Amino acid sequence: MSSDDTLPEAASGSDPTAGTGGLVAEKAKRLQKLDNMREAGANPYPYRFDRTGTLAELRAAHGQLEAGTETEVAVAVAGRIMLMRDSGKLIFATVRDRDGEVQLFVSKAVVGDDAFESFRDLDLGDWVGVHGTVMTTRKGELSVKVQRFELLSKAVRPMPDKWHGLTDTDTRFRQRYADLIVNDDARRSFRIRHEIIASFRRNLHGRGFIEVETPVLHVEAGGAHARPFITHHNTLDMQLFLRIALELHLKRLIVGGMERVFEIGRIFRNEGISTRHNPEFTMMELYQAFADYSEMIDITEALITQAAIDATGSPVVTIFGPEVEMAVDLTKPWRRARMIDLVAEAIGEEVHPSQPVEHLRALATQHGVSFHPRWGSGKIIEELFENTAEHRLIAPTFVTGHPVEISPLARQDRNDPYLTERFELFVGARELANGYSELNDPVEQRARFVDEQAAKDAGDAERGSVDEDYLRALEYGMPPTGGLGIGMDRVAMLIAGVHSIKEVILFPTLRPEVF
RNA sequence: GCCCCUCUAGCUCAAUGGUAGAGCAGUGGACUUUUAAUCCAUUGGUUCAGGGUUCGAGCCCCUGGGGGGGCACCA
């Protein structure tokens, strides 16, 4: 037999001391076990396994057993082998399923010599199904005393470090499956995200909202100021945009008389990636007929507080600001302050969009805030706010009264025509929500759209266009309406207590991996 | 797009410019109550890639790549 019989990578052919370790060799060993099983007539990838319950259910039913108890209770459980402790004629293995862990107690005397040897042949990471009886060890560990077992799926690739898990962020985000296998914190964050979304749905259903789905592919990307992703439909041979907001379609449904609608959906913004931004993220938007922005503020507070309670059992969250960290009880009232008052507080001088733009430009210059020549007073005030006041908003704060100029879809303040009945929620200096009394006057809305279009034509790529169909809808009459959008990823970050949006998005956007 | 940091065994991490190491995983052995089991032995490396400086580079320099952080952008 020549050395050509061996695979190029498997250097174990000619030199018996080489190539017996490392990933390639490890995978080869495990693949060999599969071949051996098949030759013995067994299927290492069986089609199903019927278990009597999950491991959490097993623990709930038998967790109170005294140490050293043997029962006759027969169970069938399944899970992934996470740990193995071999002490000669006994093997202890820790298996985990989706909601719990339990120890397998494998005795050579019980299962027989052959089965004991094949259990010893299992690897960390393998999925097994076992039939056995419930017992506790002398130390009191709840265990399943194995009568028989079967391999449910072979792990051909070794698990990450059983104690340290995976810490390399690159690997954690690219191989989320491996992250979820070994890192409890990752599983916890996504569990919390699920609980938050479930809580929102329950809460909204309870308030009479119905859930709808609107198009992701838009002819015009409206409803927000952001750069869109552009795509193309072949048959229609037309340019389409991935949506940057849910707003304009949902308000068409209010015109249609649906009165209370919400959507939890993915939106796409062609902007930078950071600890707070992912190009695709999840927005919840709701619209309620006959309500105004004050009710939207109330519902925002209620939704997020209830979600924290539902997801963690506590309304207390830890907020990570730019420089500080603080625990906040969400059941306490949240601060409300007008944007112009927050700016005045920060710079010690009153500001108002009615002031001449020259005055505001001077203030901006004075505080080191740069501006664009085509910006009006309202936009400069927003810029002053973002640069002088926003970073201080650590505890939950509703910022209200945005200038009309930066709020093309919001209704004028009933007491001040330069401002809108709008709010944004800031927590930890990050925007989490945005809502307003919806502008429903089709004539004024057209004028606002025209202003947007003018700014866009002047070179501001993020401004909007005249949406004729939306205007037609308003012409049919939209009742007074309150609207709200909440960034679900950022809510998840807040409640899960994590610093990066990548910790709450299962598969965050990354550059493609080179294999 | 700009700046800074980082990349070493499957994983977690070491290594003054001077022989690339440890723990875990793996392999062989001991052990019938372990708990990250323990004990003995042991395999495993293109140090992200490509250049350069040097007698000598994992380490210093340059270019490129991945990731992280910051800035810009982000109604």
Side-chain angles (χ1 to χ4, degrees), chain A residues 11-12 15-30 67-68 82-94 101 103-110 116 123-125 135-143 145 155-175 178 181-182 222-227 244-245 247 269-279 281 322 370 378-379 382 386 402-403 405-410 420 422 424 430-431 434 436 452 455 460-464 485 487 499-500 502 508 510-514:
Chain A
S12 53
D15 181 0
T17 66
T20 54
L23 180 60
V24 171
E26 176 62 19
K27 284 167 73 174
K29 266 180 289 205
R30 296 190 184 203
M82 302 306 295
L83 296 168
M84 276 228 260
R85 297 172 290 279
D86 177 349
S87 67
K89 299 187 178 65
L90 271 186
I91 298 173
F92 303 90
T94 303
E101 290 185 345
Q103 175 170 271
L104 302 182
F105 181 100
V106 188
S107 165
K108 192 170 190 172
V110 172
F116 193 77
D123 291 293
L124 295 183
M135 61 167 279
T136 54
T137 62
R138 288 175 197 163
K139 297 272 177 61
E141 181 75 31
L142 180 66
S143 307
K145 187 174 196 175
V156 171
R157 182 179 287 267
M159 294 296 110
D161 192 288
K162 68 182 180 185
W163 182 244
H164 299 97
L166 264 185
T167 63
D168 181 65
T169 48
D170 189 359
T171 312
R172 285 190 51 229
F173 298 148
R174 288 190 193 282
Q175 302 182 35
I181 289 169
V182 294
H225 288 172
R227 303 164 85 100
I244 59 173
E247 177 156 358
R269 297 186 180 179
N270 205 339
E271 289 155 0
I273 296 175
S274 77
T275 50
R276 297 164 294 279
H277 301 87
N278 197 65
F281 62 103
S370 57
K379 175 64 180 168
E382 183 193 37
E386 288 179 359
H402 298 56
E405 181 185 348
I406 58 167
S407 312
L409 299 164
T420 57
R422 179 179 173 189
E424 288 179 310
R430 289 196 284 259
E431 184 194 340
N434 179 27
Y436 30 87
E452 286 288 299
D460 192 341
E462 290 168 6
R463 301 297 284 270
H499 292 81
S500 170
K502 291 186 175 72
L510 298 171
R511 283 194 169 80
E513 187 175 6
V514 178

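Predicted model only: the values in this text are computed from it and were never measured. In the text below, chain A, chain B and the rest are named by the order of the sequence lines, each starting its count at 1.
Nucleotides B:U42 and B:A49 place their C1' atoms 33 Å apart, quoted to the nearest Å. Using atom C1' as the reference point in both B:A15 and B:G23, the two lie 15 Å apart (nearest Å). Across the C1' atoms, B:G29 and B:G65 are found 45 Å apart, a figure rounded to whole Å. Here the separation of B:G67 from B:U27, taken at their P atoms, is 34 Å to the nearest Å. Only the C1' atoms considered, B:C74 is 40 Å distant from B:C59, to the nearest whole Å. B:G70 and B:G45: their P atoms are spaced 38 Å apart (whole Å). A gap of 24 Å separates the C1' atoms of B:C60 and B:G68, to the nearest Å. Of the P atoms belonging to B:A72 and B:G17, the separation is 36 Å, rounded to the nearest Å.
At the heavy-atom level, A:K145 lies nowhere under 4.0 Å from the strands shown. If you check every strand for non-hydrogen atoms under 4.0 Å, A:G223 touches a base. Contacts of A:Q103 with the nucleic acid, taken as non-hydrogen atoms under 4.0 Å apart, include base atoms. The residue A:L510 sits close only to the backbone: its heavy atoms come under 4.0 Å of sugar-phosphate atoms, none of a base. Contact annotation for A:D161: base contact, defined as any heavy-atom pair under 4.0 Å involving a base atom.
The shortest side-chain heavy-atom distance between A:N434 and A:R422 falls under the 4.5 Å cut-off. Side-chain contact between A:P158 and A:L124: absent, with no pair of heavy atoms (C-beta onward) separated by less than 4.5 Å. Residues A:L510 and A:R174 have side chains in contact (heavy-atom distance under 4.5 Å, counting atoms from C-beta outward). Under the 4.5 Å side-chain criterion, counting only non-hydrogen atoms from C-beta, A:R157 is in contact with A:L23.
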Using a 4.0 Å cut-off on protein heavy atoms (strictly under), produce a 5'-to-3' string for nucleotides 28-33 of chain B with B for base contact, S for backbone-only sugar-phosphate contact, and - for none.
---BBB

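Here the side chain of A:L124 is nearest to one of B:A37, B:G68, B:A25, namely B:A25. Looking at the side chain of A:E141, the nearest of the listed nucleotides B:G66, B:U35, B:A36 is B:U35. Considering only side-chain atoms of A:S500, the nucleotide from B:G66, B:C24, B:G69 that sits closest is B:G69. Side-chain proximity of A:E271 to the nucleotides B:G10, B:U12, B:C73 is greatest for B:C73. Each of B:C73, B:U27, B:A36 was ranked by its minimum atom distance to the side chain of A:K29; first place goes to B:U27. Comparing B:G10, B:A75, B:A37 by their nearest atom to the side chain of A:L23 picks out B:G10. Comparing atom distances between the A:E424 side chain and each of B:A36, B:A75, B:U35 picks out B:A75 as nearest. Distances were taken from every side-chain heavy atom of A:H277 (C-beta onward) to each of B:A37, B:G67, B:C73; the shortest belongs to B:C73.
Using the Watson-Crick or G-U wobble rule with both distances under 3.5 Å, B:G50 pairs with B:C62. The pairing partner recorded for B:G44 is none, the criterion being a Watson-Crick or G-U wobble arrangement whose two distances lie under 3.5 angstrom. Pair assignment for B:C31: none, as no Watson-Crick or G-U wobble contacts are both less than 3.5 Å. Both distances falling under 3.5 Å, in either a Watson-Crick or a G-U wobble arrangement, place B:G23 opposite B:C11. Across all strands shown, B:G18 is found opposite B:C55 as a Watson-Crick or G-U wobble partner, with both distances under 3.5 Å. Within the shown strands, B:G1 is the pairing partner of B:C71 under the Watson-Crick or G-U definition, both distances less than 3.5 Å.
The NE2 atom of A:H225 lies 10.5 Å from the CZ atom of A:R269; values are rounded to the nearest 0.5 Å. Remark: A:I181 CD1 to A:L166 CG distance equals 9.0 Å, nearest 0.5 Å.
Residue A:R85 places its CZ atom among more than 12 non-hydrogen atoms of other residues, nucleotides or ligands, all under 6.0 Å distant.
Atom CG in A:D168 sits about 10 Å away from atom P in B:G68, given to the nearest Å. Across the protein-nucleic acid pair, A:L83 atom CG and B:G26 atom P stand 11 Å apart, rounded to whole Å. To the nearest angstrom, C1' of B:C13 lies 14 Å from CG of A:L166. The interatomic distance linking A:N270 (CG) with B:A75 (C1') rounds to 16 Å, in whole Å. A:E26 places its CD atom 17 Å from the C1' atom of B:G45, with the value rounded to the nearest Å. Computed from coordinates, the A:R30 CZ to B:G10 P distance equals 13 Å when rounded to whole Å. Atom CD1 of A:I91 is separated from atom C1' of B:A37 by 13 Å (rounded to the nearest Å). A:H225 has its NE2 atom 9 Å from the P atom of B:A75, to the nearest Å.
Using modelled atom types, one side-chain atom of A:T136 and one backbone atom of A:G68 make a donor-acceptor pair closer than 3.5 Å. Here the side chain of A:R30 pairs a donor or acceptor atom with the backbone of A:A155 at under 3.5 angstrom. Within the 3.5 Å criterion, the main-chain N or O of A:H402 finds a donor-acceptor partner in the side chain of A:T420. No side-chain donor-acceptor contact under 3.5 Å links A:R227 to the backbone of A:N270.
Donor-acceptor pairing under 3.5 Å, judged by distance alone, is absent between the side chain of A:D123 and the base of B:G26.
Residue A:R511 places at least one side-chain N or O closer than 4.0 Å to OP1 or OP2 of B:G67. Under 4.0 angstrom from either OP1 or OP2 of B:C13 there lies at least one side-chain N or O belonging to A:T167. Put simply, A:K162 has no side-chain N or O that comes within less than 4.0 Å of OP1 or OP2 on B:C24. Regarding contacts with the backbone of B:G70, a side-chain N or O of A:T275 is found under 4.0 angstrom from either OP1 or OP2. Between B:G10 and A:R157, no contact under 4.0 Å exists linking OP1 or OP2 to a side-chain N or O.
The residue among A:F173 and A:N434 whose nearest nucleotide of RNA chain B lies closer to the 5′ end is A:F173. Closest-nucleotide positions on RNA chain B for A:I273 and A:A226 were compared, and the one nearer the 5' end corresponds to A:I273.
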